[in-house]
Protein chains: 2
Amino acid sequence: MSSKVARILKSRELRATNVREKILELFIDAPKAITHRDIELAFDYIDRITLYRTLKAFEEKGLIHKIEDGSGVAKYARCIDNCDEDHHHDDHVHFHCNDCGDTFCVEEVEVPYIKSPSKHLVTKTTIVLNGTCEQCQ
Amino acid sequence: MSSKVARILKSRELRATNVREKILELFIDAPKAITHRDIELAFDYIDRITLYRTLKAFEEKGLIHKIEDGSGVAKYARCIDNCDEDHHHDDHVHFHCNDCGDTFCVEEVEVPYIKSPSKHLVTKTTIVLNGTCEQCQ
DNA sequence: TATCGTGTTGCAACGGTGTTGCAATAAATT
DNA sequence: AATTTATTGCAACACCGTTGCAACACGATA
């Protein structure tokens with residue numbers, strides 16, 4: 001019988017391999033957005049390239065979304081359940097702590113509609129809040 | 001007699017060198033945010049490290065502000081005149097075109113106040129609009 | 001205008017991030 | 001169990017960004 005993570009993977013047309021199952025578990029357990037490096041450290045060893053491709057595959061299949069919080073390195077967090085390949089429900093705000101560097105999804109705060117200058121066509125809005133997180137205060 | 005750019009540099013406690021004058025001119029003339037590479041290409045030759053340090057110095061002195069538009073590479077744009085060392089007036093929205101990759105300051109649109117989740121202390125808010133710019137439509 | 005101190009530049013060397021191509025391997029299907 | 005196809009792991013590479021150090025130029029002072 002398949003594990004829970006294996007079923008999730010298969011539902012997204014992703015083969016349930018050891019690497020992927022473990023990575024997906026990390027995402028499910030993580031209370032914050034995690035980096036490529038965080039995942040590498042959680043393994044005894046994992047090939048960097050494989051990890052890059054796994055993250056890309058997860059993102060394409062709507063399992064995770066990528067967050068650019070201005071720290072210079074990409075972070076990833078699990079999408080809430082109703083994300084799919086065509087549409088990511090990552091239209092919430094993200095919070096980045098300047099002290100510990102952690103980044104969190106702020107699901108409660110939706111990205112507001114921002115009136116754009118007429119000449120540009122806006123299709124997506126990204127908002128990152130910076131400051132000090134609960135832990136660091 | 002000092003050139004205009006030399007005077008600007010000196011007013012920020014930056015020595016007026018050839019490299020800096022030319023770079024500042026590029027910023028003054030640029031209609032959009034420019035990258036490290038853009039500047040390199042504008043010179044016959046410029047040392048990469050010098051450029052990195054010049055950009056950092058300009059940023060610290062409030063001449064330019066750094067923009068992370070999610071494209072992966074840092075972009076820089078000139079601050080409007082009343083920026084200073086302590087406070088950057090870059091609290092406007094930026095627009096990033098997904099087609100040409102260009103990024104523009106949208107000075108007209110100020111970053112709105114976003115109600116933050118109570119547990120985190122928010123000190124800065126970054127907003128990047130994505131879409132198609134006027135040129136690319 | 002010659003000298004001097006300090007800021008700036010340019011070079012060497014390095015670490016991190018991310019990508020592509022290819023061969024070996026493992027998963028799902030029959 | 002065999003086959004097909006996706007996935008993995010390795011090699012090699014390109015780019016971004018930083019630090020340390022020596023050489024140099026700016027701006028001030030005499």
Side-chain angles (χ1 to χ4, degrees), chain A residues 1-3 5-26 33-61 63-76 85 101 103, chain B residues 1-3 5-24 26 33-61 63-64 66-76 85 101 103:
Chain A
M1 98 165 230
S2 294
S3 67
V5 283
R7 265 179 281 122
I8 295 176
L9 288 168
K10 285 175 190 167
S11 74
R12 303 295 174 125
E13 295 174 319
L14 289 165
R15 286 193 182 172
T17 67
N18 290 336
V19 170
R20 287 179 175 175
E21 291 186 10
K22 177 152 181 188
I23 293 176
L24 183 51
E25 275 168 10
L26 287 176
I34 56 181
T35 63
H36 185 105
R37 173 153 296 274
D38 291 332
I39 300 171
E40 263 189 277
L41 294 175
F43 279 78
D44 285 337
Y45 174 76
I46 181 174
D47 183 66
R48 287 170 50 252
I49 294 86
T50 298
L51 179 47
Y52 276 117
R53 287 192 275 224
T54 302
L55 291 174
K56 185 183 265 183
F58 278 17
E59 194 188 0
E60 282 168 2
K61 297 296 182 179
L63 284 177
I64 61 177
H65 62 276
K66 190 187 217 170
I67 306 162
E68 316 261 9
D69 60 11
S71 68
V73 296
K75 292 201 177 78
Y76 298 86
E85 294 185 38
T103 297
Chain B
M1 108 169 220
S2 293
S3 67
V5 283
R7 266 180 280 123
I8 295 176
L9 288 168
K10 286 174 190 169
S11 74
R12 304 297 174 124
E13 295 173 318
L14 289 166
R15 286 193 182 169
T17 66
N18 290 336
V19 170
R20 287 179 175 174
E21 291 185 10
K22 178 152 181 188
I23 293 175
L24 183 51
L26 287 176
I34 56 182
T35 64
H36 183 106
R37 174 153 297 275
D38 290 333
I39 300 172
E40 263 191 277
L41 294 175
F43 279 78
D44 287 337
Y45 172 75
I46 181 173
D47 182 67
R48 287 170 49 252
I49 293 87
T50 299
L51 180 46
Y52 277 118
R53 288 192 275 223
T54 303
L55 292 174
K56 185 183 263 182
F58 278 17
E59 193 188 1
E60 282 167 3
K61 297 295 182 179
L63 283 177
I64 60 177
K66 191 188 218 169
I67 307 162
E68 316 262 8
D69 61 11
S71 68
V73 296
K75 291 201 177 78
Y76 298 87
E85 294 183 37
T103 296

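Just so it is clear: chains get the letters A, B, ... in the order the sequence lines come, proteins before strands, and each one is counted from 1. Computation of the quantities below employed the complete heavy-atom set of this structure, encompassing side-chain atoms and omitting hydrogens, waters and symmetry-equivalent molecules. This one's a predicted model, so the numbers in the text were calculated from it and none came from an experiment.
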Pairs under 3.5 angstrom only: tabulate donor-acceptor contacts from the side chains of residues 41-48 of chain A to other protein residues two or more places apart or in another chain.
from     : atom 1 : to       : atom 2 : distance (Å)
Asp47(A) : OD2    : Ile49(A) : N      : 3.3
Asp47(A) : OD2    : Thr50(A) : N      : 3.1
Asp47(A) : OD2    : Thr50(A) : OG1    : 3.2

Q: With DNA chain D as reference, determine whether Lys56(B) or Arg48(A) sits nearer its 5' end, using the nearest nucleotide of each.
A: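 So the residue in question is Arg48(A).
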[X] [atom1] to [N] [atom2], straight-line distance once rounded to whole Å:
X: Arg53(A); N: dT8(D); atom1: CZ; atom2: P; value: 9 Å
X: Lys22(A); N: dT8(D); atom1: NZ; atom2: P; value: 14 Å
X: Tyr52(A); N: dC13(D); atom1: OH; atom2: P; value: 18 Å
X: Asp47(A); N: dA12(D); atom1: CG; atom2: P; value: 14 Å
X: Leu51(A); N: dT7(D); atom1: CG; atom2: C1'; value: 14 Å

**Q.** Interface with DNA chain D, restricted to residues 34-45 of chain B and to heavy atoms under 4.0 Å
**A.** Arg37(B)
With 3.5 Å as the limit, what N/O pairs link the protein to nucleotides 25-29 of chain D?
from    : atom 1 : to       : atom 2 : distance (Å)
dC26(D) : O2     : Arg15(B) : NH1    : 3.0
dG27(D) : OP1    : Ala16(B) : N      : 3.0

Q: Tell me, please, the opening and closing nucleotides of DNA chain C, 5' to 3', among those with an atom under 4.0 angstrom from a non-hydrogen atom of chain B.
A: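 That gives a stretch of dG5(C) to dA12(C).
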Q: Report the residues that fulfil side-chain hydrogen bond (donor to acceptor under 3.5 Å, both in side chains) with Thr35(A), sequence neighbours left out, ordered by chain and then residue number.
A: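 Residues passing side-chain hydrogen bond (donor to acceptor under 3.5 Å, both in side chains) with Thr35(A): Asp38(A).
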(Q) Going by side-chain hydrogen bond (donor to acceptor under 3.5 Å, both in side chains), name the residues that satisfy it together with Thr54(B), two or more places apart in sequence or in a different chain. (A)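 In terms of side-chain hydrogen bond (donor to acceptor under 3.5 Å, both in side chains), with neighbours along the sequence ignored, Thr54(B) is linked to no residue.
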